[in-house]
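FYI, the numbering just counts along the sequence from 1.
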Amino acid sequence: MRLGWDEIKRRAKVFSEEWKDAHYEKGETQTFYNEFFELFGIRRKQVAIYEQRVKLLKQKHGFIDLFWPGTLLVEQKSANLDLDRAQGQALDYVQGVHPTDQPRWVLTCDFQRWRLLDLETGRELKFHLQDLHKHITAFDFMLGRKVSFETQAGVTIKAAELMGKLHDALEESGYVGHDLEQLLVRLLFCLFADDTGIFQPKDIFLQLIENDTRPDGSNVGRVLSDLFDVLDTPENARQTTLQAELDAFPYVNGQLFGGRLRTAHFDATMREHLLDAARHDWSGVSPAIFGSLFQSVMDAEQRRAKGAHYTTEANILKVIGPLFLDDLKAELASIIARKTAREKELAKFQDKLTRLTFFDPACGCGNFLVIAYREIRRLELECLKAQYGDQQIDAALLSRVTVGQFYGIEFEEFPARIAEVAMWMMDHIANNEINEAFRLNYARIPLKDSAHILHGDALETDWNTLLRAERCSYIMGNPPFLGAKQQDEFQRLQVRRIAALGGSGGTLDYVAAWFIKAGQYCQANKRIQIAFVATNSITQGEQVAQLWPVLYDRHCLEIAFAHRTFAWASEARGKAHVHVVIVGLSHRDHEPSEKRLFSYPDLQGDPVESQHKALTAYLFDARGLANRHLVVKSVSTPINGAPKLQVGSKPVDGGYFIFSPAERSALIEAAPGAERILRPFIGAEEFLNGGIRHIIDVEKITPKDINAYPPIRERISKVRKWRLGEIAKKNSKKGTDRAAASTRPLAQYPTKFHVNVFPASGFLVVPENGSERREYVPAGWLTSPIIPSSLVRIALDAEIWHFAVLASRMHMAWVNHIGGRLKSDPRYSIGLVYNTFPWPDMSEAQRARIEALAQDVLSAREAHPTSSLATLYDPDTMPADLRKAHTALDAAVDKLYRPTPFASDRDRVEHLFGRYEALVNPLERVGVAKNKRVARRSGK
């Protein structure tokens, strides 16, 4: 009977301890390897021989220390000898072996150092004897299975893909819905149990499928149905006539196998997919990232509709670390370091762990719950080890943290059930860690406790029905993102009902509803701590002024910690590509004195942590602010006397007023002279990347002109028809792009734009959408007869010193931190960015200085006439003279705000935010300044 990995790992640990002093090749090798083979329940002399003679090229013959034909060759050395040389010797021996007997694996060893080389893949594993139990599964071939040195993530992804193939085949055959999802969840448990010691002996599920099902797959479904019945039946309640192959399986319970499923009819291909999954080594599969399974079998359209983005383990730790784990680890370390009352405090700490409850109200496949459970179990294990050392204890009594302390809500049934299984998988892994530490054989089978996973809509559910707020310790998770435009009608209504903003209801992302609902839930227990992953749009742009007053004022929440914008990573196929933040919240009555902030100089790199007394909703330091809850609100006019900024012309014409270069040439050929009633039409694309379109000059065109040029008349007629909804827009591929009903009144005026802007002279231009790569807003100048489109913002009365400030790093800091974004690119909003920007005061001399520096920037651009603005402002291709001009301008603009240099863009925006407060709340700012003067005089 094959041993399970749990038992093998325990044997390996004992083996390592017994041989920790071994060093002499001649005297100890054979006993060493006899006992090594016994780890796997194998008698060495039945499969391998010592001192196998082999012919060599450079000498007559040599002797292999241990040889298992077709499988393993061992070259053993005494301690501290050269293993590189020993491996070379072993590879020479391989060449001397008959081709039919050549081994796949070569082990080079000096008792303490081990090197296992897979000759088929070229992968090599190195470790020390003391860590043999950690790498014992690399010797899977001892049990007749192939080994993989893949990472845990790689093993998990592969497992997910294998199950995805089975899912797709079953679904294609018509086996769908609840039965399919429940079947896959049950199979997941069986596959994991088969390789991790839950099922004993090892591989009995694999052998059942291999030996008891037909190659054509015709009876696979019936065999699985019988197996599921057995797994749901206690051993003492089973029929005495049950075949031995089925009776060998344990009673699982936990309601996982309760209830009949429609029998799945397999074919040969489906059976092979199941066998491929069963042959995979599931002992290396991480339940922590098992959500990738669900994502791998969802199509991309479903993922977008549900806002489903699965979280890596590293990102989960970014949430739960500052939420609770870091403090618990520090508390345990402090207790262990004590010299008095240590045992009592350790017992109290374990009691504390058993009282904690964890709630993920958008749990998906349970990734957050699984990682949190693993970490709490590890803390409990460290606590037990500190109390009992390595003596044997009754782990079943002393290990008291259970999956029952974890709660979740999930909208879809399939991931909800996967979450339950993933928690059981992690429970078994945690039990094995206890077994390893205390040399026990402890498993929680039959299953008794399970995580409390509710299949339902978290935004429609009273969370207290699952977990009373009074019993909740922590709320965490990664709710669906979904911007306002991506939400369906029902989702928009949900968000607006929960936010209760009144009026138009706001433009909040879907994730904002979870923040607000968590705030409501916490009113019954002000000690609950909250942390969610969210799109960075909740900490910048127009959503800040909608969401944060609700959290601050209505629910009395404060930011306890945060991760500023970083690039999302996922373990799953079709992974999400987004930028996110993490925000941790506490009730004002229980907020920490120091707030932790994690910033990312490289959005895909590691963060830099800083400590703060208070943080703003924009995730920067609130020092110096009279009101740390201050948010920037969009306004209709500039708050500091800047010239008006407005959108350009908006034709709303279905594209029929506009002529591409080729269309303009065709017009001139068909109607000579018609070019006089066209004007250049410049939007953000043309302004940044070059090129030009033309548009009918509706400002000056007359009925006579229209009749004189039939192609022009035809275009205007199509504008009217498009506005009426009678035809699709120009170049429509689907033919369904027709005007909305609200556009129809414009059809009465087919020679007018919806927004008419016709500059008579030069004007300042700012593109609507920027790029995350650009360090500056690429503002510039255009002049008549150009008509600007609505995709640029223009100032008709701007002067060059206005351009100087807008083109500075100071202004870009405001854009990046306060403005909204389209995906990860900054979006230039007139009401939110330009109208609220705190302009500097300056003397005539200072103005003349920055105007001269601004002209240097323009001159540097002109020195590169063949390069577009997009090229000039790409950080990889920005010319040295342009960068030098901007650097000088930056320094001059910075000094307009304060004489001391700014350390970073965050430093700049924090300063600007203080100035903004002085503009909108001048009395509060006066009070802050007065208090600071008093504090300085009193020496405080």
Looking at P250, is its backbone amide N or carbonyl O close enough to the side chain of E235 to form a donor-acceptor pair, meaning the two atoms are under 3.5 Å apart? no
- Item | N-O pairing of E124 and R115 below 4.0 Å | yes
Is there a side-chain contact between R113 and L83, using heavy atoms and a 4.5 Å cut-off? yes
Could you check whether any side-chain heavy atom of M163 comes within less than 4.5 Å of a side-chain heavy atom of L191, counting everything from C-beta outward? yes
Give a yes or no on whether the backbone of L170 and the side-chain of S173 come within a donor-acceptor separation of less than 3.5 Å. yes
| Is P287 close to Y373 at the side-chain level, that is, under 4.5 Å between some pair of heavy atoms? | no
Problem set entry | Side-chain touch Q76/L66, heavy atoms, less than 4.5 angstrom | no
key: Donor-acceptor pair, side chain of D101 and main chain of G70, under 3.5 angstrom   = no
For a 4.5 angstrom cut-off between non-hydrogen side-chain atoms, does R104 reach D118?
yes
Can we say E420 and R417 salt-bridge, meaning some charged N sits less than 4.0 Å from an Asp/Glu carboxylate O? yes
Between F228 and the options F205, F249, F257, F189, the ring pair (Phe, Tyr, Trp, His ring centres under 6.0 Å) test singles out F257
(message) Any heavy-atom pair between the side chains of H135 and L125 that's under 4.5 Å?
(response) yes
Return the orientation label for the F32 and F111 ring planes: parallel under 30°, perpendicular over 60°, tilted otherwise.
-> perpendicular
Of F37, W105, F36, the one forming a ring pair (Phe, Tyr, Trp, His ring centres under 6.0 Å) with F139 is F36
TODO: Say whether, by atom type as modelled, one donor and one acceptor occur between the side chain of D427 and the main chain of M423 under 3.5 angstrom.
DONE: no
When rounded to the nearest 0.5 Å, the distance separating CG of N34 from NZ of K45 is 9.5 Å
- Compute the centroid of each ring, for Y93 and then for F67, and state whether the two points are separated by less than 6.0 Å. no
Separation between CD (Q130) and CG (L132), nearest 0.5 Å, reads 11.0 Å
*Could you walk me through whether F406 and F358 pass ring-ring contact (aromatic ring centres under 6.0 Å, His included), step by step?*
CA-CA 5 Å; F406 293 78; F358 304 84; 4.7 Å; yes
Quick note, salt bridge (charged side-chain N to carboxylate O under 4.0 Å, His left out) partners involving residues 209-222, not counting sequence neighbours, are E210-R279
I'd like to know if the side chain of Q102 reaches the main chain of P99, judged simply by a donor and an acceptor atom lying under 3.5 Å from each other, with no hydrogens or angles considered. no
Give a yes or no answer on whether the side chain of R238 reaches the backbone of V230 with a donor-acceptor pair at less than 3.5 Å.
yes
To the nearest 0.5 Å, atom CZ of R11 lies from atom CZ of F40 at 10.5 Å
Under 4.0 Å between a Lys/Arg side-chain N and an Asp/Glu carboxylate O for E161 and K158?
no
Worksheet item: Is the backbone N or O of Q87 less than 3.5 Å from a side-chain atom of E75, with the two atoms forming a donor-acceptor pair by type?
Response: no
Distance col, row E17:CD vs L129:CG, nearest 0.5 angstrom, shows 10.0 Å
Do the two ring centres, one from F127 and one from W114, sit under 6.0 Å apart? yes
Q.
Using a 3.5 Å distance criterion without hydrogens, assess whether the side chain of W282 forms a donor-acceptor pair with backbone atoms of C190.
A. no
(request) For the pair D194 (side chain) and I204 (backbone), establish whether a donor and an acceptor sit closer than 3.5 Å, ignoring hydrogens and angles. (result) yes
CD (E245) and CG (L227) are apart, to the nearest 0.5 Å, by 12.0 Å
Worksheet entry | L256 side chain near W424 side chain, heavy-atom distance below 4.5 Å | yes
